[in-house]
Amino acid sequence: MMSRTLASKIANRGKINKIGVVGMGYVGIPSAALFASSPRFEMVYGFQRASATSGYKIDMLNSGTSPLKGEEPGLEDLIRRVVDAGKFRCTSDFSKIAHLDAVTLAIQTPFLNPKDLIPDFSALFAGIHEVGKYISEGGLVVLESTVTPGTTTGIAREILEKESGMKAGIDFALAHAPERVMVGRLLRNIQEHDRIVGGIDEASTKRASELYAPVLTTGKIIPMTATAAEVTKTAENTFRDLQIAAVNELALYCEAMGINVYDVREGIASLKEEGVTRGILWPGAGVGGHCLTKDTYHLERGVKVRGGELDYPAGKDSLFVLARNINDFMPRHMFTLTEQALVRAGKKVKGSRIALLGWAFIANSDDARNTPSEIFRDLAIEAGATVEVHDPWVGSYPGVPIRSDLISALRKADAVVIFTGHEIYRNLKAAEVKKFCGITHPVIVDGRNVVDPDVFISSGFVYKGIGRGDKNQHMIAGL
Ligand code: SAJ
């Protein structure tokens, strides 16, 4: 039964006109731009703390420029359009929230220590405190960040009520509507993916649905409770991570059995029939990013936070955490393959020069959050190698010099190790790479199946590839 009180306060406010988006990142920027481009809404404010690390975004956005590098089709134009139209403004003045009908929060929720399931909600809570200080009666607050199930109806609600002196579900609406974006297709994902909308009560779900409906093109609203929405989001990423772990384990088996995992994958993927899908994903050098690397732990923690009785095989690890461990193992496996290949070339890791191609966690993007490349680089340096990192998109990274010039990264390399599937690496020419390495039997280790092993092998390379058991023990040409 809808609580009259909240519904009437929302009705008094009328339609949502003015919106705030807290957190100008990969989620907040495209969301704010789409809200602002909708004729349904009058004005959108993007809220960004004027911090040393991210404060620069405020002026950039207000000059109509996107701070996000990497290919983001349509985003730059859209930002320019809504800024020129005076419908979007970025600010660090959170007091403006007092005049807004709805505020969304899209702030990172990393884990401090996955082992003990301790998340770092400090940035998110700081944002929620700011919103709580200024949210007004009949207003709507939506968490878009991925959070531990139980957070919206629990700690988030408590902070908002304490700061505002009002009651969620009575004086203001509160919901969780998780982001489902991927870098490289941010705008499309927001418009085309169905939107999970989970209110703490019906009135909140209804109000949040009113907020998102205008920016959806093919996507539709899927209403549910706030906690079900939190589980949906954490579980969909956990399932993806599990699928990737399954094909990574298969790749390791194929290497041991001397066969090509990509043949097997094609075979498995060919089984198609009504209701029978074998959604097998792609093996590779590891799983990075801000989502799959942590959402399993949010789901695991949710079971603890919600405190229900869990009936589970005694002493057995969580399948989901095991999947995390397998995917975290892949960069280590890349190191083992590199070590083995150098030995085949009569060398050791110690004293060798390694060209690490790809620092971003995903192809054709500048996003290097939790990149698997870092685990490999640390192992190689620890073992006494010199590592030159190249990436066409990632400009800089704390403590890691990144070259944008491929030739200088390849120069005098004993081994070339591919970690990211950037388009540029799909066009590597064996003869050219060999020329820059300047040796007879350079090593190449392919973590994304982007090069043709036969071409490189016949050019004298010592080749290793994830899942390429059919090639990893090849005869070395010219030896
Ligand atoms: N990866 C593989 N094999 C694959 C797919 C991905 O090794 O077959 C690796 C990628 O190289 C990357 C990592 O996994 O290092 C993550 O890749 P991703 O394609 O999952 O990209 P994300 O993490 O940006 O996007 C995921 C998506 N979640 C799902 O599809 C369930 C996206 O829809 C979410 O919005 C996003 O997480 C998020 O923000 O939660």
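Sequential numbering from 1 along the given sequence is applied to the chain's residues. Just follow the structure's listing: the first ligand is 1, and inside any ligand the first atom is 1.
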min-distance protein heavy atom vs atom 26 (C) of ligand 1 -> L292 CD1, 3.7 Å

Derivation and outcome, salt bridge (charged side-chain N to carboxylate O under 4.0 Å, His left out), residues D454 and K471: CA-CA 8 Å; D454 295 331; K471 300 294 177 187; 2.8 Å; yes

heavy-atom search around atom 31 (C) of ligand 1 in the protein gives N237 OD1, 3.1 Å

Is G286 near ligand 1, meaning one of its heavy atoms is under 4.0 Å from it?
yes

One finds that the ligand 1 atoms under 4.0 Å from a non-hydrogen atom of M182 are 19 (O), 21 (O), 22 (P), 24 (O), 25 (O), 27 (C), 30 (O), 32 (C)

Ignoring hydrogens and angles, tell me if any N or O in the side chain of D317 forms a donor-acceptor pair with the backbone of L322 under 3.5 Å. no

For residues H298 and F121, establish whether the separation of their ring centroids is below 6.0 Å. yes

Ligand 1 to V181, heavy atom cutoff 4.0 Å, flagged ligand atoms 32 (C), 34 (C), 35 (O), 36 (C), 38 (C), 39 (O)

Can you tell me how the ring of H390 sits relative to the ring of Y425, calling it parallel under 30°, perpendicular over 60° and tilted otherwise? perpendicular

Check: of V27, V287, I280, min heavy-atom distance to atom 14 (O) of ligand 1 comes from V287

Original post:
Between H193 and ligand 1, is there a nitrogen or oxygen pair with a distance under 3.5 Å?
Top reply: no

heavy-atom search around atom 15 (O) of ligand 1 in the protein gives F361 O, 2.7 Å

Closest to atom 1 (N) of ligand 1 (heavy atoms only, candidates I244, V183, N370, V247) is I244

Check: Should the heavy atoms of other residues, nucleotides or ligands under 6.0 Å from CZ of R306 be counted, would the total exceed 12?
Finding: no

Centroid separation under 6.0 Å, is that true for the rings of H474 and F461?
no

Numbered in order shown, the ligand 1 atoms found under 4.0 Å of a heavy atom of E179 are 35 (O), 38 (C), 39 (O), 40 (O)

Mind running salt bridge (charged side-chain N to carboxylate O under 4.0 Å, His left out) on D77 and R81 for me, showing each step along the way? CA-CA 6 Å; D77 296 348; R81 196 152 48 83; over 6 Å; no

- Item | T151 and V305, any side-chain heavy atoms less than 4.5 Å apart | no

query: Do the ring planes of Y397 and W359 sit parallel (below 30°), tilted (30 to 60°) or perpendicular (above 60°)?
result: perpendicular

heavy-atom search around atom 20 (O) of ligand 1 in the protein gives R240 NE, 2.6 Å

At under 4.0 Å between heavy atoms, what of K233 touches ligand 1? The answer is side chain

(Q) Looking at ligand 1, is there an atom of it that comes within less than 4.0 Å of some heavy atom belonging to Q243? (A) no

the protein heavy atom lying closest to atom 16 (C) of ligand 1 turns out to be G288 O, 3.8 Å

Margin query: Checking E192 against R185 for the salt bridge (charged side-chain N to carboxylate O under 4.0 Å, His left out) test, could you report, in this order, the C-alpha distance in whole Å, the side-chain angles of both residues, the deciding distance, and whether it holds?
Written below: CA-CA 10 Å; E192 298 174 1; R185 52 196 102 150; over 6 Å; no

Nearest non-hydrogen protein atom to atom 38 (C) of ligand 1, with distance, is C291 SG, 2.8 Å

for atom 8 (O) of ligand 1, nearest protein heavy atom and its distance come out as W282 N, 2.8 Å

the protein heavy atom lying closest to atom 21 (O) of ligand 1 turns out to be I362 CD1, 3.4 Å

In E210, E179, E144, the residue satisfying salt bridge (charged side-chain N to carboxylate O under 4.0 Å, His left out) with R195 is E144

The answer for which part of R185 has a heavy atom under 4.0 Å from ligand 1 is neither

Ligand 1 to L281, heavy atom cutoff 4.0 Å, flagged ligand atoms 8 (O)

Can you find a side-chain donor-acceptor pair between D414 and S352 that sits under 3.5 Å?
-> no

